[in-house]
Amino acid sequence: MSNNGSYDSRSGSSMERLYNGLVKENPTFVLMLGMCPTLAVTTSAMNGLGMGLTTMVVLALSNMIISLLRNIVPDKVRIPAFIVVIASFVTMVELLLEGFIPALYDALGLYIPLIVVNCIILGRAEAYASKNPVIPSLFDGIGMGLGFSFALTCIGAVRELIGAGEIFGFHIMPDAYVPCAIFIMAPGAFFVLAALTAIQNKIRINGEKKGRDMSKIQSGCNEDCMNCQDKGCSHRFYGASDGAKEKEAGKQTVKREDKALKADGRERE
């Protein structure tokens, strides 16, 4: 759905949004977003899964509400409005975890309220939910959340297996195995993330060599600030869209005037 109310076909189907978040725009392995919880809480597979699913719930619900309000919230206050919506859902999720899953709440600790400033959630709100209908936005949030959960669970499982010989608390390695404790410490997170990202890149490169389309699906519009490579894009600033349009219109006017002058000069000759 574009700003003028028409549906943008580039937003994709619901299944496409799920696949996009899981594979082609995986927040961790492809976009490299949300590194703080990725590196901090993945000391075990259970912690990684819990953090990922908690983020997915907030992401999906926030996308849905922001999409509903996309034509109501003024452009100049959209970021504060997005943060208020996200913070509301984070507070509810935090209270539910504290009441019903206290062990997970204690394990994640400070990183639950920090979901409010997770760049994945705010990025999807700005790049997708604020420009598209409710259902695609909901599935975009679910897809991105599932991709984040999958990445954190994989990193946590590898760290737990090598660092403690277990996965989800179940002893896997033989009794003779000596755990490598560094993998459940801070440096281990960097080692595992680098290795898994390298594997993902290797798969992508091999797919491209075989002629497969491994390019990323765009995020629903040509103003995707999260994936945009133009560092000086005026859309990154509040209220700059109108100014950019006026500037572009001015350039077009100058070009037309130049053409008219040249044509007039040729006629006189």
Side-chain angles (χ1 to χ4, degrees), residues 11-12 14-23 25-31 33-70 73 79-130 132-157 168 219-220 226:
S11 61
S14 297
M15 293 307 298
E16 183 180 335
R17 300 318 304 167
L18 291 176
Y19 180 70
N20 183 57
L22 278 167
V23 180
E25 284 188 14
N26 186 284
T28 302
F29 296 141
V30 178
L31 302 181
L33 297 175
M35 291 294 100
C36 182
T38 298
L39 299 173
V41 305
T42 54
T43 53
S44 68
M46 183 60 70
N47 287 354
L49 180 61
M51 185 68 194
L53 293 179
T54 300
T55 304
M56 183 191 73
V57 172
V58 175
L59 182 54
L61 295 177
S62 299
N63 269 17
M64 184 175 65
I65 298 301
I66 289 168
S67 179
L68 285 170
L69 300 176
R70 69 187 185 280
V73 177
I79 300 300
F82 295 168
I83 293 175
V84 169
V85 172
I86 295 167
S88 300
F89 285 117
V90 169
T91 301
M92 288 188 286
V93 169
E94 182 179 12
L95 293 174
L96 289 172
L97 285 177
E98 186 178 10
F100 295 97
I101 317 178
L104 181 61
Y105 174 81
D106 293 335
L108 299 180
L110 179 64
Y111 293 97
I112 299 175
L114 284 179
I115 293 175
V116 175
V117 292
N118 192 315
C119 52
I120 300 173
I121 300 177
L122 189 58
R124 297 319 294 174
E126 170 70 8
Y128 194 88
S130 63
N132 289 277
V134 176
I135 299 301
S137 298
L138 174 62
F139 277 90
D140 180 77
I142 294 174
M144 284 289 171
L146 288 176
F148 189 57
S149 300
F150 173 74
L152 263 62
T153 304
C154 288
I155 295 172
F168 287 105
S219 297
M226 185 174 65

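One-based numbering along the sequence shown. Here the structure is a predicted model, which is why all the values come from computation and not from measurement. All values below come from the heavy atoms of this structure, side chains included, with hydrogens, waters and symmetry mates left out.
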Practice task
Taking all heavy atoms of Tyr111 and all of Cys36, pick out the closest pair and write down the distance.
Solution key: CE2-SG, 3.6 Å
Practice task
State, to 0.1 Å, how close Ala87 and Val116 come at their nearest heavy-atom pair, and which atoms those are.
Solution key: CA-CG2, 3.9 Å
Fill in the blank from the handout: Rounded to the nearest 0.5 angstrom, the CE-CZ distance for Met15 and Phe139 is 8.0 Å
Problem - Rounded distance (nearest 0.5 Å) linking atom CD1 of Ile83 with atom CD1 of Ile121 - result: 11.5 Å
Exercise for the section: Determine the minimum heavy-atom distance between Met56 and Leu146, stating which atoms define it. Expected result: SD-CD2, 3.5 Å
Exercise for the section: Among Leu59, Leu33, Thr55, find the one that has a side-chain contact (heavy atoms from CB on, under 4.5 Å) with Met144. Expected result: Leu59
Fill in the blank from the handout: CE of Met64 to CZ of Phe89, rounded to nearest 0.5 Å, is 6.0 Å
Completion exercise
So CG of Leu138 and OG of Ser62: to nearest 0.5 Å the spacing works out to 11.0 Å
Completion exercise
Here the gap from Leu108 atom CG to Asn47 atom CG, rounded to the nearest 0.5 Å, amounts to 6.0 Å
Problem - Minimum side-chain heavy-atom gap Leu122-Val117 below 4.5 Å - result: no
Practice task
May I ask you to decide if Gly50's main-chain N or O and Thr54's side chain share a donor-acceptor pair within less than 3.5 Å?
Solution key: yes
Practice task
Give, for atom CG of Asn132 and atom CD1 of Ile66, the distance between the pair rounded to the nearest 0.5 Å.
Solution key: 12.5 Å
Practice task
Can you see which heavy atom on Pro113 is nearest to which on Gly109, and at what distance?
Solution key: CD-O, 3.6 Å
Practice task
May I have the step-by-step check of side chain to side chain contact (heavy atoms under 4.5 Å, CB included) for Phe168 and Thr153, ending in yes or no?
Solution key: CA-CA 10 Å; Phe168 287 105; Thr153 304; 3.9 Å; yes
Practice task
Output yes when a side-chain donor or acceptor of Ser130 lies under 3.5 Å from a complementary backbone atom of Ala125, and no otherwise.
Solution key: yes
Problem - Check: Asp140 side chain, Arg17 main-chain N or O, donor-acceptor pair, under 3.5 Å - result: no
Practice task
Measure from the side-chain N and O atoms of Asn26 to the backbone N and O of Gly147, and report whether any donor-acceptor pair falls under 3.5 Å.
Solution key: yes
Handout entry: Thr28 side chain to Phe148 backbone, donor-acceptor under 3.5 Å
Key = no
Completion exercise
In terms of heavy-atom contacts, Ile142 and Ala60 come closest through CG1-CB, 3.8 Å
Fill in the blank from the handout: Minimal heavy-atom distance between Ile115 and Met51, with the atoms involved, is CG1-CE, 3.6 Å
Practice task
Spell out, as yes or no, whether a donor-acceptor pair under 3.5 Å connects the side chain of Ser137 to the backbone of Asn63.
Solution key: no
